Chemist: 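Can you read through this structure? Questions will come right after.
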Amino acid sequence: MNQQEITGNLNSEQREAVLATEGPVLILAGAGSGKTRVLVHRIAYLIDVLGVSPGEILAITFTNKAADEMRSRVDRMIGFGADQILVSTFHSFCVRILRRNAELLGYSRYFSIYDGDDQLTLMKQIFKQQNTDSRMMKEKSVLAAISSAKDELVDPARFREINTDYYSTKVGTLYGIYQDRLRENNAMDFDDLIFRTVELFEKHPEVLDACQDRFRYLMIDEYQDTNTAQFRLVSLLASKYRNLCVVGDDDQSIYKFRGANIRNILGFEKVFPDAKVVRLEQNYRSTQNILNAANEVIRHNHGRKDKRLWTENEAGTRVALRRFEDGFREAEYVAAEIRKDVEERRFDYQDCAVLYRTNAQSRLFEEKFLMANIPYRIIGGINFYARKEIKDLIAYLKTVDNGNDDLAVQRIINVPKRGIGGTTVAKLSAYAEAGGISFFDSICEAREVMGLSSAAVKKLAGFAALIAGLRVKAESTGPAELLRNVIRDTGYEDELKAENTDEAEARLENIDELVSKAVQYEENAEEPTLSGFLEEVALIADIDSLDDSENRVLLMTLHSAKGLEFPCVYMAGMEEGLFPSRLSLDADDAEGEIEEERRLAYVGITRAKKKLTLLSARSRMLRGEMVSNTLSRFVREIPRELIDLGDEGGRGRTPVLRGKVGRDLRDAILKPYDSGEKFGIPAPSGSGTGGRLLSGTSGRGTGAAAASAGPASVDYSAGDRVRHVKFGEGTVLSMEDGGRDILVTVDFPAWGVKKFYAGFARLVKVD
DNA sequence: TATATAGTGTTTTTT
DNA sequence: ACACTATATA
């Protein structure tokens, strides 16, 4: 392809970004401005016009899915050599470098990668060993502190220098022990992958130099979400040839909790004064109404790079706002609406996505979609690789691959049950500790360990022989066949088969799936190895396994939705306390946290191409308790004229009774339990500029679907005295239809007014 | 040692 | 509502 063919159908800013190949470049790419397109064309230009060898190009993306997509698009465009381009995530890239140079850091090349669960297990062990009271100090918060430190390239020694208060001193100690234990286990956590690579580059300039010469052209996508360690990594790699192109949008920075440093993008021009800056502000994705709503929301943030997206697309329909009594009806509405849109051929299932702030919100939608027979897929939540049976089998593979991984060995030493219990494990641990050897080695020397019964020694010998056999097998075969051996030789499969329950059946299916993943890996990898398979398993993100050919509605968190787009988007739970989350509202830096949530709202809104529906519930079930929320500020920040409220006449709320609600309930329900207008959107304030939203308008959707089950039967009604296990005696104020059950409101003198579902509150009538 | 039960705490987003 | 932990018991 020549230059004309590559840049012909780009707009002038996009073209400028493609042609700026030498020196530092910052591309400020607004949502939907065709940034992936620019990157793909830029790579094609480098190769086809400038004659750069594909192997000299490194592109870092945020997810493996994005990497795959970019690679295949380049492939389609230039038709050859695209497989030579290294497109990968930060973490995969680092593992690649680290495997080759692990010895330089005192690691073996077979190091394990620890995920969050592994980290927690390890930290719990350390707490126990250090007699740290987990009621005073939480393992998770210590891990969070360690993670932030690593994101900032702060090692334990430095950490102790900077932090001298009581709590931090303790954390510093634990941090040091944690790092020692990781090293003893020949393991790295996610943050180490970045940190250790930086360490490698800084301590071994010859390795850095080789990498610099190998990767002369660097491109970093989603640059706004890089942390300090990643920034240092990029700076080091780019420092020789300076061909660094970063692409990002400060308005879409949503990973501060993971260490993302927004200064990396806001200050790029300070670090690289000669940087060329290109702004992509034309949006090709959304309708004008959707884009305007997004612009209006994000306008409320301070300290952003000034920009305003525009589009030549049609105005489209207004942004819909639908409000409901509770989460059940919110979900019901979405199910009914999607059903209608599909039946009337406006959209297909796969055109629709439901986005929410927390994974817990998915359950209601899942239930309603199941009932309405709507095909769906949930991204995130419980990761496939986090399931017990998968983690067990992976632990076997880790044990075979890396005998120093004590965590893995301890996980499976008695799975399936071999009669090796806690006491035996404790004795072995002590012996290993004293002799400075690994846990597995102590098993091999079981006869020398004081205090072990001959029966225990025998069992341990059996286990050691099992692993030895698998290791021999691993010499001559790939991960998939090895995995089959593990499943068979350990008795794992037999144990599950013997159980003969639905749950065991499901686990067996998951195991089959893991085997097929291993087979797939062997087919696709250039050089399949056991470490390679384990690494792929560790670094896979939920979103990576998304198959876009499935015709299903997608449900995921707003975070997971970054980088995706859908014709029809539902944003659920637009409520203060949920989105923005309570934690942000109460945080020390509430201002900053809310701005981050606002960016998340911006990301959500800009995912939509044609139709956007914002949803909120007046109250919802949260950890077994009913909580009331007001409408999210992010909705209120959208001007009234951009919003379609649906049932415009605003009859106010008219609770609709459904199904077989008893007559005695009716009176109670008709009494509003909340007199004020706090549910309503604030009336237009005097300030004239278009005003804000109307007040007192209700969403509809009540009675959208038939009630699925009659409410639980109870022997009390409004006015009665009842007893609750926790709250004691109280007076029933009202009872109403809560969708699947009766919603009871009770006034407890000591606790105030509480709401329950009759089914699970188990209230007892007091005479 | 393994399992059942009661009690406790949770409470965002993820590579 | 749910998961996890500590404790009691077989």
Side-chain angles (χ1 to χ4, degrees), chain A residues 60-67 88-95 113-117 119-121 124 128 134-135 138-140 144 147 150-151 188-194 222 225-227 229-230 253-260 355-361 363-364 379-383 385-386 388 414 416-425 453 455-456 459 535-544 556-562 573 577-587 593 596-597 599-601 603-604 620-627 725-726 756-757 759-761:
Chain A
I60 302 281
T61 55
F62 205 64
T63 61
N64 295 298
K65 182 174 190 301
S88 96
T89 64
F90 268 110
H91 291 90
S92 316
F93 173 73
C94 288
V95 173
I113 299 169
Y114 280 3
D115 67 11
D117 282 347
Q119 290 178 280
L120 196 59
T121 310
K124 280 182 176 163
K128 203 167 272 176
S134 64
R135 277 170 307 191
K138 291 269 166 279
E139 290 90 344
K140 275 194 182 148
S147 175
K150 290 183 181 177
D151 288 344
M188 298 194 202
D189 65 19
F190 287 132
D191 302 315
D192 281 340
L193 297 178
I194 315 287
E222 304 288 6
D225 285 319
T226 53
N227 61 34
Q230 291 165 334
S253 168
I254 55 172
Y255 281 102
K256 196 166 100 200
F257 72 94
R258 211 166 80 185
L355 310 181
Y356 36 75
R357 181 67 237 272
T358 65
N359 280 307
Q361 286 166 263
R363 254 196 54 196
L364 287 176
I379 309 290
I382 354 98
N383 189 319
Y385 294 101
K388 185 186 173 299
N414 200 28
K417 302 265 182 297
R418 314 189 162 85
I420 303 174
T423 11
T424 307
V425 170
S453 67
K459 288 174 198 160
E535 161 190 326
E536 187 164 293
V537 163
L539 297 180
I540 199 117
D542 293 312
I543 199 77
D544 293 335
M556 69 186 100
T557 62
L558 288 151
H559 281 90
S560 300
K562 192 174 77 156
L578 185 58
F579 186 35
S581 92
R582 179 89 266 141
L583 269 78
S584 302
L585 294 171
D586 296 344
E593 302 264 310
E596 170 118 341
E597 302 242 357
R599 290 191 288 271
L600 195 52
V603 166
R620 68 172 67 235
M621 216 43 152
L622 211 64
R623 348 178 258 284
E625 226 185 339
M626 207 66 172
V627 292
V725 238
K726 184 175 171 201
F756 310 96
Y757 278 110
F760 90 84

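Side chains included, hydrogens not; waters and symmetry mates left out as well; all remaining heavy atoms used. A note on names: the letters A, B, ... follow the listed sequences, proteins ahead of strands, and every chain is numbered from 1. Predicted, not measured: the structure shown is a model, and the values here were computed from it.
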Chemist: Is a side-chain N or O of A:Gln230 found less than 3.5 angstrom from the main chain of A:Ile194, in a donor-acceptor match?
Modeler: no
Chemist: Categorize A:Thr63 for me: base, sugar-phosphate, or nothing, with a 4.0 angstrom heavy-atom threshold over every strand shown.
Modeler: nothing
Chemist: Would you mind reading off the distance between A:Lys388 atom NZ and C:dC4 atom C1', rounded to a whole angstrom?
Modeler: 15 Å
Chemist: Starting from P on B:dT14, measure out to CD1 on A:Ile194 and report it in whole angstrom.
Modeler: 18 Å
Chemist: Rounding to an integer number of Å, can you tell me how far A:Lys140 NZ sits from B:dT14 P?
Modeler: 13 Å
Chemist: Select base, sugar-phosphate, or nothing to describe what A:Asn64 touches, counting heavy atoms under 4.0 Å on all strands.
Modeler: nothing
Chemist: If you find the nucleotide of DNA chain B closest to A:Gly421 and the one closest to A:Ile379, which residue's nucleotide is nearer the 5' end?
Modeler: A:Gly421
Chemist: Hey, does the side chain of A:Asn64 reach the backbone of A:Ser88 with a donor-acceptor pair shorter than 3.5 angstrom?
Modeler: no
Chemist: Ignoring hydrogens and geometry, is there a side-chain-to-backbone donor-acceptor pair from A:Glu596 to A:Lys256 under 3.5 Å?
Modeler: yes
Chemist: Hey, is the side chain of A:Asn227 poking within less than 4.0 Å of OP1 or OP2 on B:dT15, counting only N and O atoms?
Modeler: no
Chemist: Touch check for A:Asp115, heavy atoms < 4.0 angstrom, all strands: base, sugar-phosphate only, or nothing?
Modeler: nothing
Chemist: Tell me whether the side-chain N or O atoms of A:Arg357 pair up with the base of B:dT12 as donor and acceptor below 3.5 Å, since no angle test is needed here.
Modeler: yes
Chemist: Hey, does the side chain of A:Thr358 come within less than 4.0 Å of B:dT11's phosphate (OP1/OP2), counting only N and O?
Modeler: no
Chemist: Side chain to side chain contact (heavy atoms under 4.5 Å, CB included) for A:Arg357 and A:Thr557? Distances and angles first, verdict last.
Modeler: CA-CA 5 Å; A:Arg357 181 67 237 272; A:Thr557 62; over 6 Å; no
Chemist: Does a side-chain heavy-atom distance below 4.5 Å link A:Ile113 with A:His91?
Modeler: no
Chemist: Between B:dT14, B:dT3, B:dT15, spot the one nearest the side chain of A:Phe190, thanks.
Modeler: B:dT15
Chemist: Assign A:Lys124 to base, sugar-phosphate, or nothing according to its heavy-atom contacts below 4.0 angstrom with the strands shown.
Modeler: sugar-phosphate
Chemist: Any donor-acceptor pair under 3.5 Å linking the side chain of A:Asp225 with the backbone of A:Ile254?
Modeler: yes
Chemist: Heavy atoms under 4.0 Å, any strand shown: does A:Ser147 hit a base, just sugar-phosphate, or nothing?
Modeler: nothing
Chemist: Remember a base hit wins even if backbone is also touched, and classify A:Lys562 as base, sugar-phosphate or nothing at under 4.0 Å, heavy atoms.
Modeler: nothing
Chemist: Tell me if the side-chain of A:Arg258 makes a donor-acceptor pair with the base of B:dT15, cut-off 3.5 Å, by modelled atom types.
Modeler: no
Chemist: Using whole Å, report how far CZ of A:Arg599 lies from P of B:dT12.
Modeler: 19 Å
Chemist: Between B:dT11, B:dT13, B:dA2, which nucleotide has the shortest distance from any of its atoms to the side chain of A:His559?
Modeler: B:dT13
Chemist: Is the number of heavy atoms from other residues, nucleotides or ligands under 6.0 Å of A:Lys138 NZ greater than 12?
Modeler: yes
Chemist: The side chain of A:Lys417 is closest to which nucleotide in this list: B:dA2, B:dT13, C:dA1?
Modeler: B:dA2
Chemist: So what does the secondary structure string of DNA chain B come out as, 5' to 3', with Watson-Crick or wobble pairs under 3.5 angstrom, [ ] for crossing and | for pairs with another strand?
Modeler: ||||||||||.....
Chemist: In whole Å, I'd like the distance from the CG atom of A:Asn359 to the P atom of B:dT13.
Modeler: 5 Å
Chemist: In whole angstroms, how far is the P atom of C:dT5 from the NZ atom of A:Lys138?
Modeler: 11 Å
Chemist: Run A:Met556 and A:Ile543 through side chain to side chain contact (heavy atoms under 4.5 Å, CB included) and show every step you take.
Modeler: CA-CA 9 Å; A:Met556 69 186 100; A:Ile543 199 77; 4.0 Å; yes
Chemist: In this structure, how many angstroms lie between the P atom of C:dA1 and the CZ atom of A:Arg620, rounded?
Modeler: 16 Å
Chemist: Select base, sugar-phosphate, or nothing to describe what A:Phe579 touches, counting heavy atoms under 4.0 Å on all strands.
Modeler: nothing
Chemist: Starting at the 5' end of DNA chain B and moving along, which residue's nearest nucleotide shows up first, A:Ala456 or A:Leu583?
Modeler: A:Ala456
Chemist: Specify the separation, in whole Å, of atom CD of A:Glu139 and atom C1' of B:dT10.
Modeler: 14 Å
Chemist: Test A:Lys150 against A:Asp192 for salt bridge (charged side-chain N to carboxylate O under 4.0 Å, His left out), laying out the working first.
Modeler: CA-CA 7 Å; A:Lys150 290 183 181 177; A:Asp192 281 340; 2.9 Å; yes
